[in-house]
Amino acid sequence: MTIRVGVAGIGSYLPERTVTNHDLEKVVDTSDEWIVQRTGIRERRIASDEQCSSDLATEASRMALEDAGVDAEEIGLVIVATATPDQQFPATALRVIENLGCSNAGGWDLSAACSGFVFAVQAAAQYVRTGSMGAVLVIGVETLSRIMNYEDRTTCILFGDGAGAVVLTPHDRTDGGMEYLAAYMGSAPDRDAIIQPGGGSRIPASHESIDSGAHFLQMDGRRTFKFAVRTFTDLVRRSVADHGGASELGIVVPHQMNQRIIEAAAERLELPIELFFSNVASFGNTSAASIPIAMRDAKEAGRFAAIRGKLACMCAFGSGLSFGYFLLRV
Ligand SMILES: CC(C)(COP(=O)(O)OP(=O)(O)OC[C@H]1O[C@@H](n2cnc3c(N)ncnc32)[C@H](O)[C@@H]1OP(=O)(O)O)[C@@H](O)C(=O)NCCC(=O)NCCS
């Protein structure tokens with residue numbers, strides 16, 4: 001027997017500290033005009049010195065649990081998608097479990113950078129679908145500011161910190177909530193396009209690795225841009241192919257990378273830009289956290305309530321290169 005899976009609740013948390021493009025003008029050779037024109041980003045949030053990923057994740061999860069009407073003790077599994085865990089081990093998920101009091105849960109971290117949240121939702125859905133879990137908490141969180149080189153203007157202007165979370169349960173517990181319909185994941189190996197090379201088994205932390213900046217996020221912007229537009233377009237097409245086509249789409253909530261990427265994909269798909277939810281201007285690229293943060297904002301803006309019965313496509317693409325989507329019936 002398979003159980004229909006639903007999204008019971010959505011939460012997000014953004015740190016208070018806002019860093020505007022004008023603030024970055026004082027740190028690197030850039031301008032508000034350049035950043036807005038090339039990316040659409042105006043500001044991003046940065047965690048305080050006292051906050052690490054589990055702190056952001058805990059706040060977002062509290063909101064998601066409350067939204068779902070699910071108690072922390074009901075959660076059987078916590079998955080944290082992140083490229084910036086509290087530390088390599090133990091898993092950040094365990095700290096979140098402790099913070100929330102999820103006394104009946106196990107947990108693990110999932111490392112797939114910007115695609116992490118979409119993959120984590122896919123994994124979580126299988127536990128609910130098979131009946132082995134009654135409620136799973138899925139979190140996307142990043143403190144990318146901790147691996148950012150604030151002397152590299154090609155990367156530091158793009159990224160921000162934040163967290164988002166959803167609670168998956170059987171659909172009949174969601175009070176008419178969104179139903180998980182389908183999903184997909186893929187890869188196109190390209191190791192260097194976006195990478196944090198240092199700190200793992202290939203380049204362990206050393207004085208040399210630190211001196212060479214191997215612990216910072218490094219990226220080939222143009223290569224990533226082209227990949228993103230192509231992949232984004234393919235994912236949206238593929239997601240609706242077996243579900244009535246693009247006319248059934250009520251909203252696309254993409255990984256928030258760059259407004260130009262969203263606009264280019266909309267144009268290629270010949271779909272109105274209004275269909276694509278974007279908050280990249282306010283938060284920049286928060287990697288694994290961007291989709292659940294955008295889902296929460298879309299919910300608060302009444303975007304889901306306005307499209308009952310339609311499809312919502314959440315698609316992600318990033319380091320790896322990796323990509324995927326999950327599709328909901330709103
Ligand atoms: C990074 C990105 C905004 C750069 O935009 P672009 O139009 O491709 O710009 P280019 O890299 O061609 O650089 C154009 C010029 O601007 C300069 N430049 C780069 N960053 C700059 C900045 N922050 N401020 C001012 N000038 C900058 C470059 O040095 C280059 O100068 P040159 O022509 O004298 O060499 C864009 O490629 C992008 O968004 N890529 C996707 C990256 C991404 O989202 N990655 C995350 C994946 S999850």
Side-chain angles (χ1 to χ4, degrees), residues 19-44 81-84 110-120 140-145 147-162 164 185-197 216-233 235 253-266 276 278-294 314-325:
V19 173
T20 65
N21 293 345
H22 293 295
D23 293 329
L24 288 176
E25 284 173 356
K26 295 170 198 144
V27 182
V28 282
D29 180 16
T30 191
S31 67
D32 174 57
E33 192 192 356
W34 191 95
I35 301 172
V36 172
Q37 203 176 63
R38 304 286 176 129
T39 71
I41 299 167
R42 294 182 181 277
E43 55 191 39
R44 68 288 293 144
T82 186
T84 46
L110 187 155
S111 168
C114 303
S115 306
F117 179 76
V118 164
F119 295 173
V141 60
E142 301 290 1
T143 43
L144 292 166
S145 58
I147 61 166
M148 209 45 60
N149 179 358
Y150 285 97
E151 291 178 2
D152 177 4
R153 67 178 181 170
T154 66
T155 53
C156 74
I157 56 138
L158 296 171
F159 296 94
D161 300 340
M185 72 171 92
S187 62
D190 179 346
R191 203 179 67 208
D192 301 331
I194 319 165
I195 185 171
Q196 182 195 22
F216 289 129
L217 179 150
Q218 299 171 7
M219 184 190 72
D220 180 332
R222 277 188 211 177
R223 199 151 101 221
T224 318
F225 192 100
K226 283 185 195 149
F227 152 75
V229 174
R230 195 176 59 242
T231 309
F232 186 166
T233 311
L235 288 172
V253 183
H255 169 44
Q256 306 284 310
M257 250 172 144
N258 177 325
Q259 187 60 27
R260 271 169 62 216
I261 292 174
I262 298 176
E263 285 167 9
F276 296 77
S278 172
N279 59 10
V280 74
S282 309
F283 306 129
N285 179 344
T286 57
S287 190
S290 88
I291 289 182
I293 292 172
M314 323 295 165
C315 55
F317 24 82
S319 176
L321 298 164
S322 63
F323 45 89
Y325 69 76

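Start at 1 and go down the list; that is how both ligands and their atoms are numbered. Residues: numbered from 1 along the sequence shown.
- A ring pair (Phe, Tyr, Trp, His ring centres under 6.0 Å) with Phe232 holds for exactly one of Phe317, Phe227, Tyr325, Phe225; it is Phe317.
- Across Thr154 and Met219, no two heavy atoms sit closer than the pair O-CE, 3.6 Å.
- Of the protein's non-hydrogen atoms, the one nearest atom 24 (N) of ligand 1 is Thr30 OG1, 2.6 Å.
- Every atom of ligand 1 is numbered from 1 in the order shown, and the set under 4.0 Å from a heavy atom of His255 is 48 (S).
- Of the candidates Phe225, Phe317, Phe227, Trp34, the one placing a heavy atom closest to atom 27 (C) of ligand 1 is Trp34.
- Taking every non-hydrogen atom of Thr39 and a distance limit under 4.0 Å, the qualifying atoms of ligand 1 come out as 3 (C).
- The heavy-atom pair separating Ala316 from Ser115 by the smallest distance is CB-CA, 3.9 Å.
- Here is the list of ligand 1 atoms found below 4.0 Å of a heavy atom in Phe159: 46 (C).
- Counting heavy atoms from C-beta outward, Met148 and Leu217 have side chains that approach closer than 4.5 Å.
- Among residue pairs with one or both ends in residues 26-44, those qualifying as salt bridge (charged side-chain N to carboxylate O under 4.0 Å, His left out) are Asp23-Lys26, Asp29-Arg153; sequence neighbours excluded.
- Counting protein heavy atoms only, atom 48 (S) of ligand 1 is closest to Cys114 SG, 2.9 Å.
- Under the 4.5 Å side-chain criterion, counting only non-hydrogen atoms from C-beta, Met185 is not in contact with Val118.
- Side chains of Phe216 and Thr155 form no contact here, defined as non-hydrogen atoms less than 4.5 Å apart.
- Among protein heavy atoms, the minimum distance from atom 45 (N) of ligand 1 is reached at Met219 SD, 3.0 Å.
- For atom 39 (O) of ligand 1, the closest non-hydrogen atom of the protein is Asn258 ND2, 2.7 Å.
- Nearest heavy-atom pair, Val28 versus Cys156, reported as atom, atom and distance to 0.1 Å: CG2-SG, 4.0 Å.
- Remark: atom 30 (C) of ligand 1 lies closer than 4.0 Å to no protein heavy atom.
- The single protein non-hydrogen atom nearest to atom 41 (C) of ligand 1 is Gly221 O, 3.6 Å, given as residue, atom name and distance.
- Nearest to atom 11 (O) of ligand 1 by heavy atom, out of Arg222, Gln256, Arg223, Glu33, is Arg222.
- Close approach of ligand 1 to Asn285 (heavy-atom distance below 4.0 Å) involves ligand atoms 46 (C), 48 (S).
- With sequence neighbours excluded, no residue satisfies side chain to side chain donor-acceptor pair (under 3.5 Å) with Thr286.
- Within a 4.0 Å radius of atom 33 (O) of ligand 1, the protein has no heavy atom.
- Contacts with ligand 1 closer than 4.0 Å are made by side-chain heavy atoms of Ile194 only, the backbone lying farther away.
- The protein non-hydrogen atom at the shortest distance from atom 47 (C) of ligand 1 is Met257 CE, 3.0 Å.
- A heavy-atom distance below 4.5 Å is found between the side chains of Phe283 and Ile293.
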Exercise for review: Apply the test side chain to side chain contact (heavy atoms under 4.5 Å, CB included) to residues Ile41 and Val36: give CA-CA distance (whole Å), side-chain angles for both, the deciding distance (0.1 Å), then the verdict.
Suggested key: CA-CA 5 Å; Ile41 299 167; Val36 172; over 6 Å; no
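- Interface atoms of ligand 1 facing Thr224, defined by a heavy-atom separation under 4.0 Å, are 45 (N), 47 (C).
- Summarising the contacts of atom 23 (N) of ligand 1 with Arg153, Gln37, Arg38, Gln259, the nearest heavy atom is found in Arg153.
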